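The structure appears below as structure tokens.
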Amino acid sequence: MSRIAVAVDATVASTIKRDDETPEPLTNTPPAHGTEGWPVGRGLVANTLGDDGRPLQALVLMCEPAIPQDEIAAWPVAVLHLADRGRTFDEVLCVAEAAPFTDLVDLADLPRWHARPEAWTAALVHLTPGSAYRIAGLGPAREANELLDIARHAYLQLTGYLG
């Protein structure tokens, strides 16, 4: 699994949480992920170039909300194939490089975390008001890594680092 850096633009609450999570006792400080689920951020993957000429977009499951332009170390777990108003595109699904997410590494792990495509899409709709996203498919971590490799290569070619 390849580590990536995502510059997060915005963060929203989500319903994504592990099946075996139990509510923590009430204290003066609530857990970082709240009672509903862990935050999801959306941002751009550093040093990549997608088919549209822009950096790849990523959704990141993280421990705490990010401040815009925070760079989050993450690893890809899947790719969400989306359609919006006749346009199709891919969004890399990632988890922050953090202890709570060590067991979430591929597509098969998503249901155990209640991280079904609909949960990611709901977060995406909150992050981009006015959008009408429809799920066109979902791919495993291997496909996400292939997409990232292609986008990194395109970035390197554009910037002149490859011959």
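Quick note: residue numbers are just sequence positions, from 1. Since this is a predicted model, take the numbers as computed values, not measurements.
- The heavy-atom pair separating Cys94 from Ala58 by the smallest distance is SG-CB, 4.1 Å.
- The line from CG of Leu156 to CG of Leu49 is 10.0 Å long, rounded to the nearest 0.5 Å.
- Screening Leu104, Ile4, Val105 for a side chain to side chain contact (heavy atoms under 4.5 Å, CB included) with Trp75, the sole residue that qualifies is Val105.
- At most 12 non-hydrogen atoms from other residues, nucleotides or ligands lie less than 6.0 angstrom from CZ of Arg54.
- Between atom CZ of residue Arg152 and atom CG of residue Asn145 there is a gap of 7.5 Å, rounded to the nearest 0.5 Å.
- Using a distance-only test at 3.5 Å, with no hydrogens or angles considered, no donor-acceptor pair links the side chain of Asp70 to the main chain of Val8.
- Closest of all the heavy-atom pairs between Glu64 and Pro39 is C-CG, 3.8 Å.
- Side-chain contact between His114 and Ile16 is absent, with no heavy atoms from C-beta onward closer than 4.5 Å.
- With sequence neighbours left out, the side chain to side chain donor-acceptor pair (under 3.5 Å) criterion links Glu118 to no other residue.
- Closest of all the heavy-atom pairs between Leu107 and Pro111 is O-CD, 3.6 Å.
- Follow the hydrophobic side-chain contacts under 4.5 Å out from Leu148 and you never reach Leu44; the two are in separate clusters.
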>> Evaluate Leu59 against Leu127 for side chain to side chain contact (heavy atoms under 4.5 Å, CB included), listing each step before the verdict.
In response: CA-CA 10 Å; Leu59 291 171; Leu127 289 163; 3.9 Å; yes
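- Using bins of under 30°, 30° to 60° and over 60° for the plane-to-plane angle, the ring pair Trp113/Phe101 lands in the tilted bin.
- Proximity of Lys17 to Trp38: side-chain heavy atoms (C-beta onward) are separated by under 4.5 Å at one or more points.
- Applying the side chain to side chain contact (heavy atoms under 4.5 Å, CB included) test between Arg42 and each of Asp9, Val12, Thr128 identifies Thr128 as the sole match.
- For the atom pair Leu93 CG and Leu138 CG, the distance stands at 6.5 Å (nearest 0.5 Å).
- Scanning both residues, Arg3 and Ala73, for their nearest heavy atoms gives NH2-CB, 3.0 Å.
- Counting heavy atoms from C-beta on, the side chains of Leu61 and Val40 come closer than 4.5 Å.
- Of all the heavy atoms in Val45 and Pro55, the pair that sits closest is O-CB, 3.8 Å.
- Atoms CG and CG, from Leu82 and Asp90 in turn, are 8.0 Å apart once rounded to the nearest 0.5 Å.
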>> Determine whether Ser131 and Asp84 satisfy the following criterion, side-chain hydrogen bond (donor to acceptor under 3.5 Å, both in side chains), listing intermediate values before the conclusion.
In response: CA-CA 7 Å; Ser131 61; Asp84 181 28; 5.4 Å; no
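- Here the side chain of Asp106 pairs no donor or acceptor atom with the backbone of Ala108 at under 3.5 angstrom.
- With Ser14 contributing its side chain and Gly37 its backbone, the two residues share no donor-acceptor pair below 3.5 Å.
- Sorted by first then second residue, the salt bridge (Lys or Arg N to Asp or Glu O under 4.0 Å) pairs that include residues 119-144, not counting sequence neighbours, are Arg142-Glu146.
- The aromatic rings of Tyr133 and Phe89 sit perpendicular, their planes meeting at an angle over 60°, well past the 30° parallel limit.
- Annotation: the span from Arg112 atom CZ to Asp109 atom CG amounts to 4.5 Å, rounded to 0.5 Å.
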> Run the side chain to side chain contact (heavy atoms under 4.5 Å, CB included) check on Thr159 and Asn47 step by step: do they pass?
Replying inline: CA-CA 10 Å; Thr159 58; Asn47 302 325; over 6 Å; no
Exercise answer: donor-acceptor pairs, residues 119-126 side-chain atoms, under 3.5 Å, sequence neighbours excluded:
unit_1 : atom_1 : unit_2 : atom_2 : d
Trp120 : NE1    : Ala115 : O      : 3.1
Thr121 : OG1    : Pro117 : O      : 2.9

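- Residues Ile135 and Val77 share a hydrophobic cluster, clusters being chains of Ile/Leu/Val/Met/Phe/Trp/Tyr side chains in contact below 4.5 Å.
- Using a 4.5 Å heavy-atom threshold, the side chains of His81 and Val79 count as touching.
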